[in-house]
Amino acid sequence: MKRIITYGTFDLLHHGHINILKRAKEMGDYLIVGLSSDEFNASKGKGAYHSYAERKMILEAIKYVDEVIPENTWDQKISDIKNNEVDIFVMGSDWEGKFDELTDHCEVIYLPRTDGISTSKIKTDLLNKR
Ligand code: C2G
């Protein structure tokens with residue numbers, strides 16, 4: 001039984017998010033998502049349209065996602081990996097190399113991002129349509 005973890009904000013959910021969740025789940029049996037809290041997003045300089053509770057509800061309805069836990073800090077990853085007995089840490093390639101220190105605790109895999117879509121692109125495209 002392989003346990004996978006990935007992290008993110010997952011605001012204004014789109015097919016790029018679904019692609020990474022699907023591919024992450026295919027690497028094992030149980031997928032945990034560390035979902036950025038509203039406070040943590042603010043500290044990343046990112047405001048989410050949907051609240052944490054809304055983003056959590058949406059993620060929990062996706063068939064690839066088994067569990068959602070809060071992400072409150074940058075440095076909780078090692079304890080999350082230990083506490084949840086995680087085998088593989090997965091992130092999109094925009095984070096390539098950024099979490100390599102986790103290789104002491106589990107396998108670290110960066111998957112290619114889906115081209116042409118992002119939460120910020122949705123926001124600017126909608127603004128430009130007016
Ligand atoms: N993603 C993707 N393709 C896209 C857009 C996003 O594969 N077109 C991936 C990202 O690479 C990331 C995940 O979807 O792995 C979630 O993306 P965001 O919600 O933008 O998450 P982010 O703010 O990067 O949070 O500790 C790390 C974080 O909290 C990362």
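We count ligands from 1, going down the list as the structure has it; atoms in each ligand are counted the same way. Throughout, residue positions are numbered sequentially from 1 according to the sequence presented.
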(message) I'd like to know if D94 pairs up with R113 as an ion pair, taking the criterion as any Lys NZ or Arg NE/NH1/NH2 lying under 4.0 Å from an Asp or Glu carboxylate oxygen.
(response) yes
(request) Examine I117 against ligand 1 and note whether any of their N/O atoms are separated by less than 3.5 Å. (result) yes
(request) Please report which non-hydrogen protein atom sits nearest to atom 18 (P) of ligand 1, along with the residue it belongs to and the distance in Å to one decimal place. (result) T9 N, 3.8 Å
(message) Show the atoms of ligand 1 that are less than 4.0 angstrom away from any heavy atom in E71.
(response) 26 (O), 27 (C), 28 (C), 29 (O)
(request) Please write down residue, atom name and distance for the protein heavy atom closest to atom 23 (O) of ligand 1. (result) K46 NZ, 2.4 Å
(message) Donor-acceptor pair, distance only, cut-off 3.5 Å: does the side chain of Q76 make one with the backbone of N72?
(response) yes
(request) For S36, counting its heavy atoms only, list the atoms of ligand 1 lying under 4.0 Å from any of them. (result) 29 (O)
(message) For atom 3 (N) of ligand 1, what's the nearest protein heavy-atom neighbour? Residue, atom name and distance, please.
(response) T114 N, 3.2 Å
(message) Show the nearest heavy-atom pair for residues I88 and K2, with the distance to one decimal.
(response) CD1-CD, 4.1 Å
(request) Would you confirm whether T6, through its side chain, and V90, through its main-chain N or O, come within 3.5 Å as a donor-acceptor pair? (result) yes
Can you list, pair by pair, the side-chain donor-acceptor contacts under 3.5 Å of residues 59-67, counting residues two or more places apart and other chains?
residue: E60; atom: OE2; partner: K56; partner atom: NZ; Å: 3.0
residue: D66; atom: OD1; partner: K25; partner atom: NZ; Å: 3.4
residue: D66; atom: OD2; partner: K25; partner atom: NZ; Å: 2.8
residue: D66; atom: OD2; partner: L31; partner atom: N; Å: 2.8
residue: E67; atom: OE1; partner: Y30; partner atom: OH; Å: 2.7

(request) Answer yes or no: does an N/O atom from S93 fall short of 3.5 Å to an N/O atom of ligand 1? (result) no
For residues 43-54, run the donor-acceptor check on the side chains, cut-off 3.5 Å, and write out each pair with its distance to 0.1 Å, sequence neighbours left out.
residue: S43; atom: OG; partner: F40; partner atom: O; Å: 2.7
residue: K44; atom: NZ; partner: T9; partner atom: OG1; Å: 3.3
residue: K44; atom: NZ; partner: S36; partner atom: OG; Å: 3.1
residue: S51; atom: OG; partner: E54; partner atom: N; Å: 3.2
residue: S51; atom: OG; partner: E54; partner atom: OE1; Å: 3.4
residue: E54; atom: OE1; partner: S51; partner atom: N; Å: 2.8

(request) Name the closest protein heavy atom to atom 25 (O) of ligand 1, giving the residue it belongs to and the distance to 0.1 Å. (result) K44 NZ, 3.0 Å
(request) Considering the heavy atoms of D94, write down every atom of ligand 1 situated less than 4.0 Å from one of them. (result) 10 (C), 11 (O)
(request) Compare every heavy atom of T114 with every heavy atom of H15, then report the nearest pair and how far apart it is. (result) CD2-CG2, 3.9 Å
(message) Would you compute the distance between atom CD1 of I32 and atom CD1 of I69 and round it to the nearest 0.5 angstrom?
(response) 6.0 Å
(request) Among all protein heavy atoms, pick out the one at the shortest distance from atom 2 (C) of ligand 1; state its residue, atom name and that distance to 0.1 Å. (result) R113 CG, 3.6 Å
(message) Show the nearest heavy-atom pair for residues M91 and I20, with the distance to one decimal.
(response) C-CD1, 3.7 Å
(request) Can you figure out which of I18, V33, I20 has its heavy atom closest to atom 9 (C) of ligand 1? (result) I20
(message) List ligand 1 atoms under 4.0 Å from W95, heavy atoms only on the residue side.
(response) 24 (O), 30 (C)
(request) Could you tell me which atoms of ligand 1, counted from 1 in the order shown, lie closer than 4.0 angstrom to a heavy atom of W74? (result) 26 (O), 27 (C)
(message) Taking E101 first and then K77, would you say they form a salt bridge - that is, a charged N and a carboxylate O separated by under 4.0 Å?
(response) no
(request) Starting from atom 19 (O) of ligand 1, locate the nearest protein heavy atom and write down its residue, its atom name and how far away it is, to 0.1 Å. (result) F10 N, 2.8 Å
(message) At less than 4.0 angstrom from any non-hydrogen atom of G92, what atoms of ligand 1 do you find?
(response) 11 (O), 15 (O)
